[in-house]
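Right, one structure below, let's go through it.
Only this structure's heavy atoms are used, side chains among them; waters, hydrogens and symmetry mates stay out.
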Amino acid sequence: ETGGIEELARSPYGAFPAAWSPDHTRVVLGDGYTIGDVVFYEPDGAGGRQILYGTPIEERESGTEYPLTGFRSSHVTTNGTGLLTVTTLHDDTGAPAYIALDRPGEIEPVAIEGLVHAGVGELEQLDHLAENRYAAVYNIDGCSWAYETRLDEPGRRLVVERVLVGQGELADGVLHGLELDEQSGRVAVSFCTATSPTQLFVVEPEGAAMRKTDERVLGVPPELLSPGEDASFESHDGLRVSARLYLPAEELGFEGSRPLVYYVHGGPQSQERPNFAWFSMPLIQILTLEGFAVFVPNARGSTGYGLEYAKHVDHDWGGQDRLDHVHAMTEVLPKDERIDVTRAGVVGRSYGGYMTLMLAARHPELWAAAVDMFGPYDLLTFMERIPETWKTYFALAVGDPERDRDFLVERSPKTYITDISCPLLVIQGQNDPRVVEQESRDVVEELRVHGRTVDYLVFDDEGHDVLKLPNRVRCYDAIAEFF
């Protein structure tokens, strides 16, 4: 060992380490183009590569369809001869598969036996625990299920040996991490729900889960927090859209239909889950404590429901995804007597901020207030200002600034921004490298020129998020007070 750095490969599409052999003599790299479109290869040591599976983008023929691999969560098996991975080639929601390293171009399905969950979701990841044991982690309508499995490599199957997460105290929430102690067989688990901050558990070999921490929301009795309820709906074209509705707890004593806050998550290829550790859940709880109902959809383009669902938003920002929200506001939520859609506000972060601006500008009749957190305003200037390493991806996934210029103008909030009629709060991090401060300032200045009511909150020490606790408290307060 010399401590020197050796370049294995270089690519504008990632060349990210996907897996490596136990003895560290082999590494599998991946190039990713858009979500689900991934190619695996091994560097040959001479500046070239051996393709394991997939067709590199530079070798593709125009007009030819290439199957999306959806590769994620990959491991070279303990004997160093095969790659265990999750792929969408055999199942749109993800399934285990096997690539023999000496047979590139071939991929075999791996059966998984003994699952007990039900519902809509996907295989999120495979975590290597020890030797031939792997944790299979599923995301089922936003909630985590995890199984300890044993790999039968010759038989190409994973056999479930026990449920780790998804039942009892470890149900209806999100797994943040797990670690196996090989000697005792115990598994340490980090887990939270919509109403509980992250707790640490130990799962005993026989399956019992013992909570080891007692994290809580200080000053708020647990019964005053909202666990949420399923509010999935059929959209304008029949597509199922997963959603949750958070209502004030009965113990709070609010009467009558509640004003609505409509929350749009970022990404867009992301997902809103019952995850107290994420930025949005404390905000949702604060809003319900203030008497608001909070509707949280995972519109088309979200992850967690299969690759086809997530790909709906490629080259369609502000299209069918926007219509999912409009349908919910005009056809679904008005039927719930507990909600007053005539008193509705919309809020979103990043892409969710973009969608907030689109909804407030293109459908002003629906909203009494809007909060845009660092959302792209003009897709052309946004794509000029993002880091160079992002530009290739956004040209593929959203639109090419030269070839698709007219389309990007049509899908930019800027084109409709003067139609906003409700008060707007814009929140921005001064050091944001993704949606730079100028992008948000452009929104504010344009609306103020036209006499609109706009509040602008800039955090001088934040980037593309609000992470520091004092800033986060100020941010939550500002949003709640604005609505």
>> Can you confirm whether or not the ring centre of Tyr13 sits under 6.0 Å from the ring centre of Tyr33?
In response: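 Ring centroids of Tyr13 and Tyr33 are less than 6.0 Å from each other.
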
> Which is it for Phe279 and Met373 under the side-chain contact (heavy atoms from CB on, under 4.5 Å) test, yes or no, and what are the steps along the way?
Replying inline: CA-CA 12 Å; Phe279 172 92; Met373 297 187 66; 3.7 Å; yes

Please work out which of the three classes, parallel, tilted or perpendicular, describes the rings of [Y] and [X], given edges at 30° and 60°.
X	Y	answer
Phe71	Tyr53	perpendicular
His464	Phe374	tilted
His128	Tyr134	tilted

Side chains of [X] and [Y], heavy atoms from C-beta outward: is any pair under 4.5 Å?
X	Y	result
Phe407	Val398	no
Ile339	Leu245	yes
Phe295	Met329	no
Tyr305	Leu239	no
Ser74	Phe40	yes
Tyr393	Pro12	no

>> I'd like to check the ring-ring contact (aromatic ring centres under 6.0 Å, His included) partners of Trp390; sequence neighbours left out, ordered by chain and number.
In response: Phe394

>> Taking ring-ring contact (aromatic ring centres under 6.0 Å, His included) as the definition, give me every residue that meets it alongside Phe201, ordered by chain and number, with sequence neighbours left out.
In response: none

> Taking only residues two or more places apart in sequence, or in another chain, which ones meet Gln320 in a side chain to side chain contact (heavy atoms under 4.5 Å, CB included)?
Replying inline: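 Counting only residues at least two positions away or on another chain, Gln320 forms a side chain to side chain contact (heavy atoms under 4.5 Å, CB included) with His236, Asp237, Arg300, Asp316, Leu323.
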
Residues [X] and [Y] bridged, charged N to O under 4.0 Å:
X	Y	answer
Glu42	Arg49	no
Lys391	Glu388	yes
Asp465	Arg349	yes

Taking [atom1] in [X] as the centre, count heavy atoms belonging to other residues, nucleotides or ligands within less than 6.0 Å. Is the count above 12?
X	atom1	answer
Glu206	CD	yes
Glu308	CD	no
Glu402	CD	no

>> Could you report the tightest heavy-atom contact between Trp145 and Val116, atom names first, then the distance?
In response: CZ3-CG2, 3.7 Å

> What heavy-atom pair brings Leu68 and Lys311 nearest, and what distance separates the two atoms?
Replying inline: CD1-CE, 3.8 Å

> With no hydrogens and no angle check, is any side-chain donor or acceptor of Asp372 less than 3.5 Å from a backbone partner on Thr356?
Replying inline: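 The answer is no, because no donor-acceptor pair under 3.5 Å joins these two groups.
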
>> Ser280 vs His265, test: side chain to side chain donor-acceptor pair (under 3.5 Å). Steps then yes/no.
In response: CA-CA 8 Å; Ser280 52; His265 69 67; over 6 Å; no

> Which residue pairs pass the side-chain hydrogen bond (donor to acceptor under 3.5 Å, both in side chains) test with at least one member in residues 59-73, sequence neighbours excluded?
Replying inline: Asp37-Arg60

Would you give me the side-chain donor-acceptor pairs under 3.5 Å for residues 169-182, sequence neighbours excluded?
unit_1: His176; atom_1: NE2; unit_2: Asn275; atom_2: OD1; d: 3.2
unit_1: Asp181; atom_1: OD2; unit_2: Ser184; atom_2: N; d: 3.0
unit_1: Asp181; atom_1: OD2; unit_2: Ser184; atom_2: OG; d: 2.6

> Can you check side chain to side chain donor-acceptor pair (under 3.5 Å) on Gln199 and Thr213, steps first, answer last?
Replying inline: CA-CA 6 Å; Gln199 309 286 358; Thr213 58; 2.7 Å; yes

>> Can a side-chain donor-acceptor contact be found between Tyr41 and Asp31 if the only test is distance below 3.5 angstrom?
In response: yes

> Does the side chain of Tyr262 come under 3.5 Å of the side chain of His325 through a donor N or O and an acceptor N or O?
Replying inline: yes

>> Val203 and side chain to side chain contact (heavy atoms under 4.5 Å, CB included): which single residue from Arg162, Met210, Arg186 fits?
In response: Arg162

> In chain order, what residues pass the side-chain hydrogen bond (donor to acceptor under 3.5 Å, both in side chains) check against Glu223, with sequence neighbours excluded?
Replying inline: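 With sequence neighbours excluded, Glu223 shows a side-chain hydrogen bond (donor to acceptor under 3.5 Å, both in side chains) to no residue whatsoever.
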
